[in-house]
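Below is one structure, written out as structure tokens; the observations come after it.
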Amino acid sequence: MLKTKKLWLDKENNKFRIIVSVLGLKVGDWKNLADIQFIGLTRVKFSKTVSSPKLSGNTSCTTNFSDYKYCVFLCENVRKRTLVFKGSHEESQAFSKEISEYLGMKVVDFTN
């Protein structure tokens, strides 16, 4: 499945939206940018459990995978936020800096 996720910022109309595109069909609602107080950078642990079925009398096998990603959020406050990017530390820092410069907002780095 071809799925992409992008952030659109409309500074003139004070709006933003997250566009999810699946096979060329774009979906995403506009939200008010005026509510955003700061840009947050955090480190989040993502986990995934994979199970294999029983084969030839063997018991099933379950494996847990976990990995840390760095996430960029548009934050109204510490608890209310919208995820706009996840990736490596360098990519997330660059993305948050680019948004910060465009919007004139500060980046709060919670990774320290």
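If you're wondering where the values come from, they're calculated on a predicted model, not measured in any experiment. For the numbers below, each heavy atom of this structure counts, side chains included, while hydrogens, waters and symmetry mates do not.
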Which distance, rounded to the nearest 0.5 Å, do you find between the CZ of R17 and the NZ of K26?
8.5 Å
To the closest 0.5 Å, what do you measure between CZ (F16) and CG (D35)?
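These two atoms lie 8.5 Å from each other.
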For [X] and [Y], which heavy atoms make the closest approach, and how far apart are they?
| X | Y | value |
| --- | --- | --- |
| L83 | I18 | O-CD1, 3.3 Å |
| F110 | G40 | CE1-CA, 4.4 Å |
| I36 | N32 | CG1-O, 4.3 Å |
| E76 | Q37 | O-CG, 2.9 Å |

Under a 3.5 Å distance rule, please check whether [X] uses its side chain to pair with a backbone N or O of [Y] as donor and acceptor.
| X | Y | value |
| --- | --- | --- |
| S92 | H89 | no |
| S100 | M105 | yes |
| E91 | S88 | yes |

Ring geometry between F85 and F95 (parallel below 30°, tilted from 30 to 60°, perpendicular above 60°)
parallel
Any link between [X] and [Y] through a network of hydrophobic side chains (Ile, Leu, Val, Met, Phe, Trp, Tyr) touching at under 4.5 Å?
| X | Y | value |
| --- | --- | --- |
| L74 | V107 | yes |
| V27 | L23 | no |
| F38 | L9 | no |
| I39 | L33 | yes |

Pairwise side-chain contact, Q93 with Y70, heavy-atom cut-off 4.5 Å (strictly under)
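Q93 vs Y70: side chains apart.
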Does K45 reach the side chain of D67, with side-chain heavy atoms less than 4.5 Å apart?
no
Evaluation steps, side-chain contact (heavy atoms from CB on, under 4.5 Å), between Y68 and V44:
CA-CA 6 Å; Y68 286 97; V44 178; over 6 Å; no
Please check if the number of heavy atoms outside [X] that lie under 6.0 Å from its [atom1] is greater than 12.
| X | atom1 | result |
| --- | --- | --- |
| K15 | NZ | yes |
| K11 | NZ | yes |
| D29 | CG | no |

